[in-house]
Structures are given as C-alpha cells and as structure tokens.
Number of protein chains: 2
Amino acid sequence: MKQPIKPTESELEILNILWTEGAATVRTVHEKLALTKDAGYTTTLKLMQIMLEKKLLSRDASNKTHVYTAIVNREQTQGQMVQRMIETMFNGSAMQLVMQTLGNHKASKAELNKIRAYLDGKVKK
Amino acid sequence: MKQPIKPTESELEILNILWTEGAATVRTVHEKLALTKDAGYTTTLKLMQIMLEKKLLSRDASNKTHVYTAIVNREQTQGQMVQRMIETMFNGSAMQLVMQTLGNHKASKAELNKIRAYLDGKVKK
DNA sequence: TTTGGTTTACGAAAGTTGTCGTATATTTGT
DNA sequence: ACAAATATACGACAACTTTCGTAAACCAAA
C-alpha cells in the first residue's frame, strides 16, 4: 500500500469527473465542473496541472491539446476517504457510518434489496 | 438550515472528543488528541480558540481554566460531511457509499442484523 | 496573412491551516 | 513567599489551496 492519498475537495470533484469520463481535456472537465461550480477556465487548468505534479493525474501531451487521466484508483481512493471519515467522526465504527447514511437517505426498494442480498452473502461466508 | 459547517480534519478530531466528553478543558482534549497525534499543547489551544471564533465551540471562562463545549450538533455535522462526500465522490448515490463501506469492513453478526432490522423497518413504512 | 479563438505556462495574491515561540497571568507546593 | 508548573493570549511563519491575470504558442478561417 502506498502513502495515503489526500485530495482536496476541488481535486475530488475533478477526479470524479475523470473517473466517469475516463480521459478528458481540461475543457471537458471544466465544462462538467461549471455545471455545479463557478470558476474560470484557467483555475481548472491550474488545478489539474497541480494534480499532475502530485501524481493524481497523468497526461498525454503528444497533441497540443493535452488529455488527462486519473491515475489514482477510484475504489481505493473512495475507501481511503471513507476510512478517514470513519476514524475521525465515527470513532472507528464503519457500521455507525452506515446507519447514519441509511437514516438520512431514502432508498428505493431495489436498492434496499441489493443491500439485503449483500448482507446475506456476508453472513453465509 | 444554517450555512453549511465545514470543519477541517483537525477540527473534526477535536469535535469528536468533545462530543464524547461533553465538556472539557484544553488539557483534557489535548491529552486525548496526543494518543493518536503529535502536536504541542499550544497548538491544540490555538485550534480550539479558532474554533471558538468560528462558533464551532463555546466556552465557560468564568474560571481561569476555561471549559469548552461543542455547539455544533454531532448528528447534523456527521450528516453534512457524509452528504458532501456522497456528492463529490459517489455521484450523489448514498447507496454507493453504503456498499463501498460494507465491502471494505467486516461487521459482526449482531451489527449486520441491526442493519437488516433497520432495512425491514424502512420497507414496512 | 492577419485576426481571433483556444490552449498552455507562469506567477502572484488572498485566504486558510497547522505549527509553535514567547510573554504574561495564575495557581500550587514546599 | 518564592519557585515551578500550568493556563491563556498573541503573533509569526511556512505550507497549501483556490483564484485569476497575463503572456506566449498555436490553430483556423476569412
């Protein structure tokens, strides 16, 4: 396991877009970002350049318009962030986090069944 | 709903201690903190003073040794932090967060049953 | 080919965080 | 009563984050 990844809020937003898009230019990322946020193009560019330095992203600079890709794994990063939250706010209890989340969010019957199926699988093992 | 609360990592650690302790002096908080962290006493003091300014904490200064209390609600703060994480990393899907968490953590049979009971309750309604 | 749009690079500024040193006040034990 | 321990206040600092202006390179279309 490598040293822990600790992206900022803004960086996570960008990572999330790249995790979904796969690979994208600054412009693409910026436009997705602009849907929920309000910052200039050069701001997004700068953030992604910094993320490149931090090795959160890689880029293909063979063309003039560079194409960026996330090089940190989605599940692993999510796992680390969730873990951190569990430790600092939920006294280390993952189940407390789960209960908190279930308590605050409506879920479709299908989703609940999915969780139930998952729990069943866990017990059988 | 008030303006969103956005404590830093260090602030959350302190909040968590105060949520558990109820009310405490800087020294008490610092000693709990020192179990997992490594910073000087004045650092903890300063952080708590800043949190006082931000109105995350209140204090009783009637005695020379001040006594601090968290004035942000535990469940509400947890909820907001979880919500932020869901939005920035899980594309707004709380269930994805739940699945991620269940996938990465072992749970006792008792805990699993507790969750299952909770899910049953949700469906009945 | 000139003009205008797009892109990258760079640097600077403002705000925040976490760290601690030092000064000063207060309490306590001998 | 005096020295040692303990507490608060304050300011400074480096690191980091987010923001953007500006310049330079490049491309494309008229």
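Residue numbering restarts at 1 for every chain, and letters A, B, ... go by the order of the sequence lines. Note that this is a predicted model, so its numbers are computed, not measured.
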Quiz prompt | Ionic contact status for B:Glu21 with B:Lys32, cut-off 4.0 Å | solution = yes
Starting at atom [atom1] of [X], determine the distance to atom [atom2] of [N], rounded to an integer number of angstrom.
X	N	atom1	atom2	result
B:Met48	C:dT17	CE	P	17 Å
A:Leu52	C:dT8	CG	P	12 Å
A:Glu53	C:dG11	CD	P	12 Å
B:Leu12	C:dT17	CG	P	12 Å
A:Leu45	D:dA23	CG	P	17 Å
B:His30	C:dT19	NE2	P	11 Å
B:Asp60	D:dT8	CG	C1'	15 Å

Quiz item: Counting only non-hydrogen atoms, which of residues 18-29 of chain B are less than 4.0 Å from DNA chain C?
Solution: none
Inter-residue atom distance [X].[atom1] - [Y].[atom2], 0.5 Å rounding:
X	Y	atom1	atom2	answer
B:Thr36	B:Glu13	OG1	CD	5.5 Å
A:Met85	B:Arg84	CE	CZ	8.5 Å
B:Thr101	A:Phe90	OG1	CZ	9.5 Å
A:Asn104	B:Gln83	CG	CD	8.0 Å

Using a 3.5 Å distance criterion without hydrogens, assess whether the side chain of [X] forms a donor-acceptor pair with backbone atoms of [Y].
X	Y	result
A:Glu53	A:Ile50	no
A:Glu111	A:Ser108	yes
A:Glu87	A:Gly92	no
B:Thr77	B:Asn73	yes

Quiz item: Going 5' to 3' along nucleotides 24-30 of chain C, which nucleotides have protein heavy atoms under 4.0 Å from the base (write B), which only from the sugar-phosphate (write S), and which from neither (write -)?
Solution: --SS---
Quiz item: Which parts of nucleotides 13-20 of chain D does protein reach within less than 4.0 Å, heavy atoms only, written one letter per nucleotide 5' to 3' as B for base, S for sugar-phosphate only and - for none?
Solution: ----SBBB
Quiz prompt | OP1 or OP2 of D:dA9 under 4.0 Å from side-chain N/O of B:Arg59 | solution = yes
Quiz prompt | Short side-chain N/O contact to D:dA9 OP1/OP2 from B:Gln49, under 4.0 Å | solution = yes
Quiz item: With a cut-off of 6.0 Å (strictly less than), are more than 12 heavy atoms of other residues, nucleotides or ligands near NZ of A:Lys55?
Solution: no
Quiz item: Do A:Ser62 and A:Asp60 have side-chain N/O donor and acceptor atoms under 3.5 Å apart?
Solution: yes
